[in-house]
Amino acid sequence: MINAQEISALLKKQIEDYQPDFDYTETGVVTYIGDGIARAHGLDNAMSGELLVFDNATIGMAQNLESNDVGIIILGEFTDIREGSIVRRTGKIMEVPVGNALIGRVIDPLGQPVDGLGEIRTTKTRPIEAPAPGVMQRKSVNQPLQTGLKAIDALVPIGRGQRELIIGDRQTGKTSVAIDAILNQKDQDMICIYVAIGQKESTVRTQVETLRQYGALDYTIVVTASASQPSPLLFLAPYAGVAMAEEFMYEGKHVLIVYDDLSKQAVAYRELSLLLRRPPGREAYPGDVFYLHSRLLERSAKVSDELGGGSITALPFIETQAGDISAYIATNVISITDGQIFLKDDLFNSGIRPAIDAGSSVSRVGGSAQIKAMKKVAGTLRIDLASFRELEAFTQFGSDLDAATQAKLNRGRRTVEVLKQPLHKPLPVEKQVLILYALTHGFLDSVPIADVLPFEQELYAYFDMHHNDLLDTIRVTKDLPEESLLDAAIQEFKDQSIFK
């Protein structure tokens, strides 16, 4: 028989352990609904960037925290949200799924698959906004990122952890440069993330099929916010991409991320900001559009060995109007990045592809991002090419030329031919070094300009068959083999080929 003391102790224990089962959630009421944005009253404790849920289960993100209401950007369908609808706080900051499960998939900026291959099984998430690594957490860039494009690897080299802007008018081959760089990362211990912002869905599908065809989807994540989607998703896409990249970087891996393109992100952000009544600045862009891109691109880095030694290399795109690189957003992003590759439409239209303008393109990392052999053969190539373009323009007036000027023009024309490259045919670095060595040491001076590209292809085939040891030396030691051996091998090829 239970006595009174035991009953009393039991009751006391139950009272102490009692947990109320009601859920306290702060809710607000929608007071205004616009094109992709809403305002809500009553969310007094909402945090900046917090996820909010509407009646119809659509997700929003707190963007403006004002004294009397909260400005919300809506990440999905907003046509059936009305004034008076209830919106609830979640207490969670906007985050996206991350991890190896995303590799090979096409996803939207919320991490939802759009490729029809089923759900993505990952439990890891990262907030889309995160502080960039500090100065003491970074290392200087010292490893090359080979793009497989002679015109880039020789003239404006990119290193792992660098931010290299790709800038030019529409239809000048910007996307092709980035896709070729991704294709060249096969077997290079590199994860690639391609962020497509505001493009047609058919265009994104074409890029995905290209990556699949060349086997590059095995190490690539495609994040797409197409032109038909609401502007909040276009604004968020780059941040979602870099959050996924950071997960790999802090695991000690190397990532290449392409933002195609940030002009469209800025336009989407401008639209959101004006709808949310943020103050417009120069050229009707919000005053914080510089901060929009700087806090994104500063997250690309080569981190210290204590943090794993991983890296994020960024290739942001900016579309110019009539080649004007002095416009607002172009100058913003030029000042944030570590150099730019400027593509010119007149070069593109005259058949010089990739259409890289050697005079305006620059890499602020330079020789640190090149192997020794490339440094030796490409030392003065960029200056020579820029001076050739000036000389070529000057000599169009048809004056008599001395022998030295003739020689410079002939070498310049062959340099232009050598730097041309077919689409989706990236070259391993040892073959780039080989053809540039042949060019700079005069082996091409006697080859007719129309024969330069056939000469190049046959030279590669000849070395693959007869002098693979010399290519291996460049690949393994990163330095040139003995020059007499290289000279003899190239001369041997010339002697028995049709290219005298």
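Keep in mind the model is a prediction, meaning the values are calculated, not measured.
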Run the side-chain hydrogen bond (donor to acceptor under 3.5 Å, both in side chains) check on Ser140 and Asn142 step by step: do they pass? CA-CA 6 Å; Ser140 58; Asn142 56 18; 5.1 Å; no

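- Leu315 pairs in a side-chain contact (heavy atoms from CB on, under 4.5 Å) with only one of the listed residues (Thr337, Asp260, Leu256), which is Leu256.
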Would you sort out whether Ser326 and Asp324 count as a side-chain hydrogen bond (donor to acceptor under 3.5 Å, both in side chains), showing the intermediate values? CA-CA 5 Å; Ser326 64; Asp324 180 16; 2.6 Å; yes

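- Aromatic pair Tyr328/Tyr285: centroids less than 6.0 angstrom apart.
- Asp479 and Thr477 share no donor-acceptor pair across their side chains, judged by distance under 3.5 Å alone.
- Within a 6.0 Å radius of CD in Gln491, other residues, nucleotides and ligands contribute more than 12 heavy atoms.
- Listed for the Glu392 side chain is no donor-acceptor partner under 3.5 Å among the backbone atoms of Leu409.
- Residues His293 and Ile329 are in side-chain contact: their nearest non-hydrogen atoms beyond the backbone lie under 4.5 Å apart.
- Atom CZ of Arg205 sits about 13.5 Å away from atom OG of Ser226, to the nearest 0.5 Å.
- A donor-acceptor pair shorter than 3.5 Å cannot be found between the side chains of Asn184 and Thr147.
- In summary, of the residues considered (Leu155, Leu149, Leu439), a side-chain contact (heavy atoms from CB on, under 4.5 Å) with Leu419 occurs for Leu155 alone.
- Separation of atoms CD (Glu246) and CZ (Arg299) is listed at 4.0 Å; rounding is to 0.5 Å.
- With a 6.0 Å radius and a threshold of 12 heavy atoms from other residues, nucleotides or ligands, Lys408 has its NZ atom at or below the threshold.
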Criterion salt bridge (charged side-chain N to carboxylate O under 4.0 Å, His left out) on Glu129 and Arg295, from CA distance to verdict: CA-CA 9 Å; Glu129 296 272 11; Arg295 72 178 193 267; 3.0 Å; yes

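- In this structure, the ring of Tyr259 has its center no less than 6.0 angstrom from the ring center of Tyr194.
- Of the residues listed (Arg414, Arg413, Lys420), the one engaging Glu417 in a salt bridge (Lys or Arg N to Asp or Glu O under 4.0 Å) is Lys420, and it is the only one.
- With no hydrogens or angles considered, no side-chain donor-acceptor pair links Gln162 and Thr313 at under 3.5 Å.
- Expressed to the nearest 0.5 Å, how far OG1 of Thr172 lies from CZ of Phe342 amounts to 8.5 Å.
- A donor-acceptor pair is defined here as one N or O able to donate and one able to accept, closer than 3.5 Å; no such pair exists between the side chain of Ser300 and the backbone of Gly161.
- The aromatic rings of Tyr462 and His467 lie tilted to each other, with the angle between the two planes from 30° to 60°.
- Taking every heavy atom of both residues into account, Val106 and Asp115 meet most closely at N-OD2, 3.1 Å.
- Atoms CD and OH, on Glu298 and Tyr291 in that order, are 11.0 Å from each other to the nearest 0.5 Å.
- Note: Met136 CE to Leu307 CG = 11.5 Å, rounded to the nearest 0.5 Å.
- Atoms CD and CG, from Glu119 and Leu117 in turn, are 12.5 Å apart once rounded to the nearest 0.5 Å.
- A side-chain N or O of Asp153 and one of Gln432 form a donor-acceptor pair less than 3.5 Å apart.
- Within a 6.0 Å radius of NZ in Lys344, other residues, nucleotides and ligands contribute 12 heavy atoms or fewer.
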